[in-house]
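No experiment lies behind these values; they were computed from the predicted model shown. By convention here, the first residue in the shown sequence is residue 1.
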Amino acid sequence: MTAAQADLVRARSEFPEMPEGLTLDTPRVEDGAAIWRIARDSKALDLNSSYSYLLWCRDFAATSAVARGADGEPTGFVTGYVRPDRPHTLVVWQVAVDHAHRGRGLAAALLDGLVARVSRELGVRGVETTVTPDNTASNRLFASFAERHGAPVEREVLFDDGLFPDGGHAPEVLHRIGPLAA
């Protein structure tokens, strides 16, 4: 094995693979209801209307991903979009995994798989997301993502709690990750 081949094997082993029995796929409109249910049942995400998840699966499928079980049903998802004013930046909107599939590294595998696809197809070189300070799981997910990809992370409050009209919302902290290692 050459040094380049060894580097490739090592790089592949550093990134989470899809857990056994699950596949990475692009969402379809028919997945919108299941994605909405997974988001609702997460009890951590801001739940959007079921209509918005249907639109997301139609209009942002190229920058989103689902994990499918053997039955073809979604078991987790990550939604995102490319920022119009930063076309090499993927904004990750939501990540959630069905309760039955948690603790298997699925969120990390979904995030890595999506970023690999949009990097290859759309030239994405950085990731942005917002996370509330109390969302430990998401803070860990994005910190470990940056570490796996050898990328620096900048954090700053993007939306202070006072900006939310319904009150009681924690501030949203922007995580700017990148540039990603090639």
Is any side-chain heavy atom of Val92 closer than 4.5 Å to a side-chain heavy atom of Leu111? yes
Can you establish whether the number of heavy atoms outside Phe60 located under 6.0 Å from its atom CZ is more than 12? yes
Check which hydrophobic residues are tied to Leu54 through side-chain heavy-atom contacts below 4.5 Å, counting indirect links as well, and list them. Val29
Distance-minimising heavy-atom pair for Val131 and Glu172: N-OE1, 3.5 Å
Looking at residues at least two apart in the chain, or sitting in another chain, which of them share a salt bridge (Lys or Arg N to Asp or Glu O under 4.0 Å) with Arg68? Asp25, Asp31
Only counting residues at least two apart or in another chain, list the ones meeting side chain to side chain contact (heavy atoms under 4.5 Å, CB included) with Arg155. Ala143, Val153, Val173, His175
Please give me the minimum heavy-atom distance between Val115 and Val127, naming the atom from each residue. CG2-CG2, 3.9 Å
Name all residues meeting the side chain to side chain donor-acceptor pair (under 3.5 Å) criterion together with Thr132; count only those two or more places apart in sequence or in a different chain, and write none if there are none. Asp134
According to salt bridge (Lys or Arg N to Asp or Glu O under 4.0 Å), who are the partners of Glu20, at least two apart in sequence or on a separate chain? none
For the backbone of Val124 and the side chain of Ser119, can you confirm whether one donor and one acceptor N or O come within less than 3.5 Å of each other? yes
Check: Thr26 and Arg117 side chains under 4.5 Å, non-hydrogen atoms: yes
Show which side-chain atoms of residues 73-83 pair as donor or acceptor with protein atoms under 3.5 Å away, not counting sequence neighbours.
residue	atom	partner	partner atom	Å
Thr75	OG1	Ala67	O	3.3
Thr79	OG1	Gln94	N	3.1
Arg83	NE	Asp85	OD1	3.1
Arg83	NH1	Glu128	OE1	3.0
Arg83	NH1	Glu128	OE2	3.2
Arg83	NH2	Asp85	OD1	3.2
Arg83	NH2	Asp85	OD2	3.0

Is Trp56 linked to Leu90 within one hydrophobic cluster, defined over Ile, Leu, Val, Met, Phe, Trp and Tyr using a side-chain heavy-atom separation of less than 4.5 Å? no
If the condition is side chain to side chain donor-acceptor pair (under 3.5 Å), which residues does Ser144 pass it with, not counting sequence neighbours? Arg148
Would you name the heavy atoms of Pro133 and Ala170 that are closest together and state the gap between them? CD-CB, 4.4 Å
Can you run down the salt bridge (Lys or Arg N to Asp or Glu O under 4.0 Å) pairs that involve residues 156-171, sequence neighbours left out, and say none if there aren't any? Glu156-Arg176
Could you tell me which residues satisfy side chain to side chain donor-acceptor pair (under 3.5 Å) with Thr129, sequence neighbours excluded, listed by chain and number? none
Minimum heavy-atom separation for Val66 to Pro27, with atom names? CG1-CB, 3.7 Å
Correct closest heavy-atom pair for Ala107 and Leu141 would be C-CD1, 3.9 Å
Honestly curious: do Leu45 and Leu110 fall in one hydrophobic cluster under the side-chain, below-4.5 Å linking rule? no
dist Ile35:CD1 -> Glu30:CD (nearest 0.5 Å) comes out at 10.5 Å
Hey, any chance Leu163 and Trp93 share a hydrophobic cluster, counting ILVMFWY side chains that come within less than 4.5 Å of each other, even indirectly? no
Do the side chains of Leu24 and Met18 get nearer than 4.5 Å, heavy atoms only? yes
Can you pull out every salt bridge (Lys or Arg N to Asp or Glu O under 4.0 Å) where at least one residue sits in residues 88-107? Sequence neighbours excluded, please. none
Search all heavy atoms of Leu22 against all heavy atoms of Gly69 and return the closest pair with its distance. CD2-CA, 3.6 Å
Please lay out, stage by stage, how Ser138 and Val95 fare under the test side chain to side chain contact (heavy atoms under 4.5 Å, CB included). CA-CA 8 Å; Ser138 287; Val95 180; 5.9 Å; no
Residue pairs passing the side-chain hydrogen bond (donor to acceptor under 3.5 Å, both in side chains) test with at least one member in residues 33-48, sequence neighbours excluded, are Asp46-His169, Asn48-Tyr53
Ile38-Leu47 co-clustered via ILVMFWY side chain contacts under 4.5 Å: yes
Which residues pass the salt bridge (Lys or Arg N to Asp or Glu O under 4.0 Å) test with Glu121, not counting sequence neighbours? none
Heavy atoms, side chains only, cut-off 4.5 Å: are Leu122 and Thr63 in contact? yes
